[in-house]
Amino acid sequence: MQNFKAPQRDTLFVTNELFGFEAHYQRLGFEDATDDLVRAIYAEAAKFAENVLAPINASGDEEGCQFNDGVVTTPTGFKEAYKQYVDGGWPSMSHPVEYGGQGLPYSLSTSMAEWFSGANHSWAMYPGLSQGCMETLKAHGTEEQKKIYLEKLVEGSWTGTMCLTESHCGSDLGMLKCKAEPAEDGTYKLTGTKIFISAGEHDMSDNIVHIVLARLPDAPAGTRGISLFIVPKFNVDASGNITDRNTVKCGSIEHKMGIKGSATCVINFDSANAILIGEPNRGLNCMFVFMNMARIGTGVEGLSATEAAFQGALAYAQDRTQFRSMSGVKNPDGPADPIIVHPDVRRMLLTQKALREGNRALAIYCMQLVDITQHDQSVEEKKLAESKLALLTPIVKAFLTETAQETTSYGMQVFGGHGYIKEWGMEQLARDTRICTMYEGTTGIQAIDLLARKIMGSKGELLNVFTSEIKSYCATIRDKKQFNHWSNAIESHVDEWLQMTHDIGLTAAKNPDELGAASVDYLMYSGYVTVGYFWLKMAVVAQQKIDDGTSEVDFYNAKLQTAKFYFDRMLTRTRSLVSAINSGSENLMQMDAEHFYQG
Ligand SMILES: Cc1cc2nc3c(=O)[nH]c(=O)nc-3n(C[C@H](O)[C@H](O)[C@H](O)COP(=O)(O)OP(=O)(O)OC[C@H]3O[C@@H](n4cnc5c(N)ncnc54)[C@H](O)[C@@H]3O)c2cc1C
């Protein structure tokens with residue numbers, strides 16, 4: 001989309017007015033992250049997204065990546081944009097000063113990542129993967145590894161990848177086969193093939209640091225026998241200087257539906273030099289740092305697609321004229337009224353708007369939790385934030401990307417047939433964002449993570465922690481009579497959520513398939529209630545601003561009107577989800593696999 005605008009005002013509403021980020025940053029010791037600095041960073045990020053990334057989005061899709069004998073060339077302008085990104089200091093923003101970073105909060109760089117992805121999803125994949133690689137090294141690397149690899153990644157002269165998937169295993173990593181044999185000098189020789197590796201090979205950086213899952217020779221079977229390794233594209237000496245080429249080669253790149261400017265690579269490791277990160281056989285635990293960050297990042301990609309689709313559809317609906325409004329002419333000087341007068345077009349636009357703003361609140365709330373887990377001095381606060389984040393990570397990943405399928409589809413639908421052709425960028429958004437429900441763990445896998453691992457695995461404790469927050473908040477606004485209706489709706493959903501969880505636990509004790517049968521509907525239910533909670537909070541803030549005599553009455557009124565739309569038309573989607581959940585597993589499991597197709 002050529003005219004993408006970074007949503008500065010809405011982001012500031014969420015960070016400052018909803019979540020009190022000015023105080024949050026000061027409390028965590030980010031003295032430099034003053035409101036003035038944050039606004040200056042927003043302004044620069046907006047310029048970069050709008051003027052550098054958006055103009056090469058459609059051309060990047062058209063041109064795609066080229067592969068020639070192991071060498072990948074990214075679309076015209078991608079490399080130059082990456083150089084500008086590095087020159088602007090963006091890679092280092094939220095990393096420690098001791099490794100060359102700027103020491104700013106994670107939430108600041110990740111909300112900017114939303115804008116970069118909204119402007120150009122494919123391009124944003126390259127720095128996005130690097131961020132996860134840096135987080136893994138920060139959390140699990142030795143000081144020497146950090147000195148050699150992290151500094152270059154923070155600087156942006158090297159980029160990173162995440163190498164998990166093999167042809168026979170994606171979700172079920174316990175089956176992976178890549179092998180790492182110990183070498184005499186304490187390093188390893190890694191052999192095997194990884195597929196679907198984003199940013200696995202490209203022309204933007206001097207070196208590529210692959211973070212690779214592989215097995216040691218004596219490793220136990222399954223996920224308990226997986227270790228994590230650094231495998232650089234170019235070998236590096238003890239001072240961090242590039243020496244010669246490692247035996248890592250890109251075998252091919254995929255031809256795919258969307259994100260065509262993002263190189264999705266087959267990577268062959270042929271006895272490649274590798275260095276162990278963390279403990280042997282504990283690789284999956286280390287990789288979870290990367291995966292959790294990447295899951296929030298993928299949810300944010302979904303949000304960014306919703307934002308871009310909404311912007312495109314709204315501009316078109318205000319301009320395109322078809323028919324007269326049923327309730328009387330609205331554009332007497334023209335031959336017809338703009339399509340935004342039609343209730344059904346408004347239904348689509350408001351669905352996009354309600355998800356754009358509600359989902360942003362959920363995403364930024366999670367970013368705030370990450371800040372706390374990384375920087376809070378209080379052990380209790382950290383533990384509380386970790387619990388909430390554990391529960392919300394699969395929700396943010398799956399709910400924001402599943403709803404992006406609907407919002408980007410509406411992006412096309414609002415345009416009618418013009419949405420289906422390339423010119424307007426709407427079909428590209430739908431294609432680009434389609435992958436988001438699949439990579440970083442499919443929606444099905446996130447749903448099992450939420451219901452089986454997080455909720456049942458903690459005997460409901462993680463859910464209790466978050467629902468207590470919601471209930472406490474609802475109790476604090478009881479005197480605000482005009483919000484009782486919405487607040488009661490959220491509270492009764494919370495009761496239903498807890499009861500339903502208890503009931504699923506009981507049926508699953510007798511039949512484990514009940515968990516899988518309920519899981520995706522349960523996750524979507526959790527998403528609608530969670531976003532409903534944030535809409536309630538946003539409405540209360542908006543009303544307060546109006547009562548205080550704000551000069552931005554239209555902005556806050558629109559928040560209240562969108563909240564009404566959400567409570568009337570979107571939170572109510574939980575009814576059909578509850579019916580599906582309560583129907584149990586039999587309707588899914590009774591048919592024999594060989595009877596699915598009857599001719
Ligand atoms: C463009 C692109 C970029 C990618 N980037 C990377 C990358 O950078 N690094 C990397 O390592 N990988 C990457 N991947 C791989 C991606 O993460 C995997 O494709 C994904 O995890 C799913 O694995 P799979 O494709 O093997 O599907 P499978 O695991 O075979 O799953 C197939 C289907 O079965 C379902 N399923 C499987 N098990 C269960 C279960 N227990 N319960 C319910 N449903 C289940 C899944 O939900 C899915 O619908 C990328 C993929 C693509 C297409």
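As the structure lists them, so they are numbered: ligands from 1, and atoms in each ligand from 1. Quick note: numbers below take in every heavy atom, side chains included, and nothing from hydrogens, waters or symmetry partners.
When ring centroids are compared, Y126 and Y82 stay outside the 6.0 Å threshold.
Distance screen at 4.0 Å: atom 10 (C) of ligand 1 has a protein heavy-atom neighbour inside the cut-off. Contact annotation for atom 29 (O) of ligand 1: protein present (non-hydrogen atoms, distance under 4.0 Å). The nearest protein heavy atom to atom 33 (C) of ligand 1 is not closer than 4.0 Å. Remark: atom 53 (C) of ligand 1 lies closer than 4.0 Å to at least one protein heavy atom.
Heavy-atom proximity to M162, at under 4.0 Å, picks out these atoms of ligand 1: 7 (C), 8 (O), 9 (N), 10 (C), 11 (O).
In this structure, atom 1 (C) of ligand 1 lies nearest to the protein heavy atom T264 OG1, 3.7 Å. Nearest protein neighbour of atom 7 (C) of ligand 1, counting heavy atoms only, is F196 O, 3.2 Å. Scanning all protein heavy atoms for the shortest distance to atom 42 (N) of ligand 1 gives I448 CD1, 3.1 Å.
In terms of polar-atom proximity, T165 is counted as a contact of ligand 1, with an N or O under 3.5 Å from an N or O of the ligand. No N or O atom of G444 sits closer than 3.5 Å to an N or O atom of ligand 1. Considering backbone and side-chain N/O of T442, one or more are found under 3.5 Å from N/O of ligand 1. Of the N or O atoms in C163, none lie within a sub-3.5 Å distance of an N or O in ligand 1. Checking only distances, I445 never comes within under 3.5 Å of ligand 1, N or O to N or O.
Only the backbone of E440 comes within 4.0 Å of ligand 1, counting heavy atoms alone; no side-chain atom from C-beta on gets that close. Counting heavy atoms closer than 4.0 Å to ligand 1, residue M438 contributes backbone atoms (N, CA, C, O) but none from C-beta onward. For I435, every heavy-atom contact with ligand 1 shorter than 4.0 Å involves the side chain, none the backbone.
K249 has no carboxylate O lying under 4.0 Å from a charged side-chain N of D270, or vice versa, which leaves the two without a salt bridge. Ion pair K260/E63 not flagged as a salt bridge, since none of the NZ, NE, NH1 or NH2 atoms sits closer than 4.0 Å to an Asp/Glu carboxylate oxygen. Classification of R224 and E279 as a salt-bridged pair fails, no side-chain N sitting under 4.0 Å from a carboxylate O.
A 4.5 Å side-chain heavy-atom check between H140 and Q145 finds every atom pair outside the cut-off.
Counted by atom type alone, T161 and H210 present one or more donor-acceptor pairs between their side chains at under 3.5 Å. Between the side chains of E307 and Q311, at least one donor N or O lies within less than 3.5 Å of an accepting N or O. Looking only at atom types and distance, the side chain of N68 has no donor-acceptor partner in the side chain of T73 under 3.5 Å away.
Sorted by first and then second residue, the side-chain hydrogen bond (donor to acceptor under 3.5 Å, both in side chains) pairs involving residues 250-259 (not counting sequence neighbours) are K256-T264.
For N57 against H121, the heavy-atom pair with the smallest separation is OD1-N, 4.3 Å.
Here atom 26 (O) of ligand 1 lies nearest to G170 when heavy atoms of G132, G170, C265 are compared. Of the candidates S167, G200, S198, S171, S171 brings a heavy atom nearest to atom 31 (O) of ligand 1.
Classification of the Y85-W123 ring pair by plane angle, with boundaries at 30° and 60°, yields perpendicular.
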